[in-house]
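The next block holds one structure in the form of structure tokens; read it before the comments.
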Amino acid sequence: MTHPNQTPIPELYVSADAAAALKDEAGAMPSWDLTPRQLCDLELLMNGGFNPLKGFLTQADYDGVVNDMRLTSGALWPMPINLDVSEKFAEGLEPGTDIALRDQEGVILAIMSVTDKWTPNKSLEAEKVFGADDVAHPAVNYLHNVAGPVYLGGPIKGLQAPTHYDFRARRNTPNELRAMFKKLNWQRVVVFQTRNPLHRAHQELTFRAAREAQANLMIHPVVGMTKPGDVDHFTRVRCYEAVLDKYPSATTTLSLLNLAMRMAGPREAVWHGLIRKNHGATHFIVGRDHAGPGKNSAGEDFYGPYDAQDLFRQHQDEIGVEMVDFKHMVYVQERAQYEPADEIEEGVTVLNISGTELRRRLREGLEIPEWFSFPEVVQELRRNSPPRAKQGFTVFFTGLSGSGKSTVANALMVKLMEMGGRPVTLLDGDVVRKHLSSELGFSKEHRDINIKRIGYVASEITKNGGIAICAPIAPYTATRRAVREMIEAGGAFVEVHVATPLEECERRDRKGLYKLAREGKIKEFTGISDPYEEPKTPELRLDTTDIDVDGAAHQVLLKLEGMGLIGLS
């Protein structure tokens, strides 16, 4: 008997002949270059991973999903999947227009027939889907500061799948997995979702889950977009492959899922269950704080530890996948094994290393014990995350014009070059404007573009082990956050707020800019006619009113030493 999860599911691709004809027609269509997140969404729409969706949600479907986790058909679906675009692109589009969807190289992947165009209430979407309109949540920050303001909905015709040049043998469509399970006669398949490297506790947990469900195991990590700051997927997949040998080969498989996570906790768990049902799963492990994004602006967890399990349990029958509860596994020293935390008697020694502690040990080159992880995994993580004193980093000065940013940045550059060891690059605001951004003005949009260009260059320097020093005004919190996320993917980001008061900056006014701004001759001048959003939690705050340049630069050096980025001794 074939299990229902092994029969093929509908894909949204057209035939090869139809695809060739549509490609010819697409030259005359409006064309949208997909963002990395939209690329992930489109791939799972086309290959059936997002079944029953037939394209990007219409406005009615979007409203139903946001408010009640239901499509207009009544089907359960917890996550809005829309094509967010700029106002400029949306301007000329009427319902009934076909648009070509392209990857970042300009290759046409699909044709979308636009049926709906609207401007969503993003604050409501944040409240309903993520539980709070709080930009401390990465997906809410994305919604307000990255995603386009206009949503498009409508069915798609898939012409070809996005190309992946990495780990091709591990990337399976839902139907490829279903066919494989059918061939191997795997009637019951329990899926483990992860966006982190696997350590010994995860191995013990997955062993137990497979045994409890009397099922075969599929480790199904997400290799699309995860949370900013996560270990990159190349390193993680090498870690998974190293651990795969620890499992009985005939009972376990590893497949990669190109999903852009939203970190939406309870709704995300239901979404993951529906996606895994499409991929042939019969059972799904739901973790403690499953897909939780960490702390909110008040320093509390966004979701309760078992909210995701509760919501999944409510909808389990409709999802069509049985939940296996995640047990929090801890290491019992006396018995030298992992056991569920809630089954351990008093008086035994429980050992545990948190994610934060693991990152600290990697950063400082400290030992990571064998009871916690596998030597092969630790080796991969060390390759990717050398001790801090060998990593690249960026020092990002921000503050008002005349606060002393550039002067301190120059002094810091000279002191770091005197120490030697890593190449140092100064990306001063005026120099960058001359060489990278000469065509830009000083509107908010142009200033944002300029700062992101600086951030991009700094991230490349950092990733390659160098030191970047940046000294723009950078008045907007959201832009500084985007730069931090870019840079922290490859090394450390040290934000220095040069908090010299406006009166002192204006008193100095070496370039005579404040005078011109007061006279109205310079529009949109930070601190006078345009706001400066002060950093709330910079790594260091400096006021240069009563401190000389040498002293200010030395304070930055002491901070860098305290963070383990340089050695002063």
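When each of V408, L427, L412 is tested with I469 by the rule side chain to side chain contact (heavy atoms under 4.5 Å, CB included), just one qualifies, namely L412. Exactly one of R481, R484, K405 qualifies for a salt bridge (charged side-chain N to carboxylate O under 4.0 Å, His left out) with E495. That residue is R484. None of E268, M218, R276 except one satisfies the side chain to side chain contact (heavy atoms under 4.5 Å, CB included) rule with Q193; the exception is R276. Of the candidates R238, R383, K246, K246 is the only one forming a salt bridge (charged side-chain N to carboxylate O under 4.0 Å, His left out) with E376. Under the side chain to side chain contact (heavy atoms under 4.5 Å, CB included) rule, V424 has a single partner from V414, I467, V395, which is I467.
The shortest non-hydrogen separation linking P36 to M225 is C-SD, 3.8 Å. Between L217 and A210, the closest heavy-atom pair is CB-CB, 4.4 Å. Here the closest heavy-atom approach between residue H199 and residue S373 is recorded as ND1-OG, 2.6 Å. Across all their heavy atoms, V223 and L256 have their closest contact at CG2-CB, 3.9 Å. Closest of all the heavy-atom pairs between P475 and Y532 is CA-CD1, 3.5 Å. Taking both residues in full, the closest heavy atoms of E485 and N141 are given as OE2-ND2, 4.2 Å, listed atom of the first, atom of the second, then distance.
Counted within 6.0 Å of CD on E334, heavy atoms from surrounding residues, nucleotides or ligands total more than 12; the atom is thus considered enclosed. More than 12 non-hydrogen atoms from other residues, nucleotides or ligands lie less than 6.0 angstrom from CD of E345. The number of heavy-atom neighbours closer than 6.0 Å to CD of Q379, taken from other residues, nucleotides and ligands shown, is 12 or below.
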Practice problem: Could you go through the side-chain hydrogen bond (donor to acceptor under 3.5 Å, both in side chains) check for T251 and N216 one step at a time? | Solution: CA-CA 5 Å; T251 66; N216 293 95; 5.2 Å; no

Exercise. Apply side-chain contact (heavy atoms from CB on, under 4.5 Å) to the pair D84 and L143, showing each step before the final yes or no.
Key: CA-CA 9 Å; D84 56 283; L143 190 63; over 6 Å; no

Practice problem: Report the C-alpha separation of T349 and Y331 in whole Å, then their side-chain angles, then the decisive distance to 0.1 Å, and conclude whether the side-chain hydrogen bond (donor to acceptor under 3.5 Å, both in side chains) test is met. | Solution: CA-CA 8 Å; T349 316; Y331 187 77; over 6 Å; no

Self-check item: Verdict with reasoning, H279 to H220, per side-chain contact (heavy atoms from CB on, under 4.5 Å)
Solution: CA-CA 10 Å; H279 285 79; H220 206 203; 3.8 Å; yes

Self-check item: W271 and F312: CA distance, side-chain angles, deciding distance, ring-ring contact (aromatic ring centres under 6.0 Å, His included) verdict
Solution: CA-CA 9 Å; W271 190 42; F312 197 101; over 10 Å; no

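No side-chain donor-acceptor contact under 3.5 Å links H144 to the backbone of V140. Judged purely by atom type and a 3.5 angstrom limit, R267 uses its side chain to pair as donor or acceptor with the backbone of P78. Of the possible polar contacts, one joining the T398 side chain to the I473 backbone as a donor-acceptor pair under 3.5 Å is found. With hydrogens and angles disregarded, no donor-acceptor distance shorter than 3.5 Å links the side chain of T394 to the backbone of F396. A distance-only check finds no donor-acceptor pair linking the side chain of D301 to the backbone of G304 [under 3.5 Å]. Between the R171 side chain and the D166 main chain, a donor and an acceptor come within less than 3.5 Å of each other. Between the D134 side chain and the A136 main chain, a donor and an acceptor come within less than 3.5 Å of each other. For H272 (side chain) and V286 (main-chain N/O), no donor-acceptor pair under 3.5 Å exists by modelled atom type. A distance-only check finds a donor-acceptor pair linking the side chain of E533 to the backbone of T477 [under 3.5 Å]. Remark: side-chain polar atoms of R195 are not paired, donor with acceptor, to backbone N or O of M261 under 3.5 angstrom.
Residues L557 and L416 have side chains in contact (heavy-atom distance under 4.5 Å, counting atoms from C-beta outward). Put simply, the side chain of D103 does not reach to within 4.5 Å of the side chain of Q38, judged on heavy atoms. Residues V129 and P80 form a side-chain contact, since some pair of their non-hydrogen atoms from C-beta on lies under 4.5 Å apart. Residues F207 and Y338 fail the side-chain proximity criterion, which asks for heavy atoms closer than 4.5 Å. With a 4.5 Å cut-off on side-chain heavy atoms, F397 and C470 do not count as touching. Contact annotation: the side chain of V190 never approaches that of F284 to less than 4.5 Å [non-hydrogen atoms, C-beta and beyond]. At least one side-chain heavy atom of L565 sits under 4.5 Å from a side-chain heavy atom of V494. Between F372 and V377, the closest side-chain pair of non-hydrogen atoms is not below 4.5 Å.
One side chain, Q337 or E339, offers a donor N or O that lies under 3.5 Å from an acceptor on the other. Between the side chains of N172 and S255, at least one donor-acceptor pair of N or O atoms lies under 3.5 Å. Neither side chain, N410 nor T407, offers a donor N or O lying under 3.5 Å from an acceptor on the other.
Figure legend: cation-pi geometry between K444 and Y476, with NZ or CZ positioned under 6.0 Å from the six-membered ring centre and within 45° of its axis.
Of the charged side-chain nitrogens involved, none lies within less than 4.0 Å of a carboxylate oxygen, so that R335 and E343 do not count as a salt-bridged pair. Salt bridge annotation for D325-R288: absent, with no cationic side-chain nitrogen under 4.0 angstrom from a carboxylate oxygen. Of the charged side-chain nitrogens involved, at least one lies within less than 4.0 Å of a carboxylate oxygen, so that K463 and E460 count as a salt-bridged pair. Between K122 and E125 no salt bridge is recorded (no basic side-chain N to carboxylate O distance below 4.0 Å). At a threshold of 4.0 Å, the pair E370-R200 counts as salt-bridged, since one of the basic side-chain nitrogens sits closer than that to a carboxylate oxygen. Classification of E357 and R360 as a salt-bridged pair holds, one side-chain N sitting under 4.0 Å from a carboxylate O. R262 and D41 are joined by a salt bridge, as a carboxylate oxygen and a charged side-chain nitrogen come within less than 4.0 angstrom of each other.
Here the straight-line distance linking atom CG of D230 with atom NE2 of H233 works out to 13.0 Å at 0.5 Å rounding. To the nearest 0.5 Å, the span separating CZ on R422 from CD on Q391 amounts to 8.5 Å. Taken from OG1 in T194 to CD1 in I219, the straight-line distance is 9.0 Å, to the nearest 0.5 Å. Of the inter-residue distances, the one linking L257 atom CG with R170 atom CZ reads 15.0 Å to the nearest 0.5 angstrom. With rounding to the nearest 0.5 Å, the separation of NZ in K227 from NE2 in H137 is 9.5 Å. Here the straight-line distance linking atom CG of L44 with atom CZ of F50 works out to 4.5 Å at 0.5 Å rounding.
Contacts of R211 classified as side chain to side chain contact (heavy atoms under 4.5 Å, CB included), with partners at least two apart in sequence or in another chain: R208.
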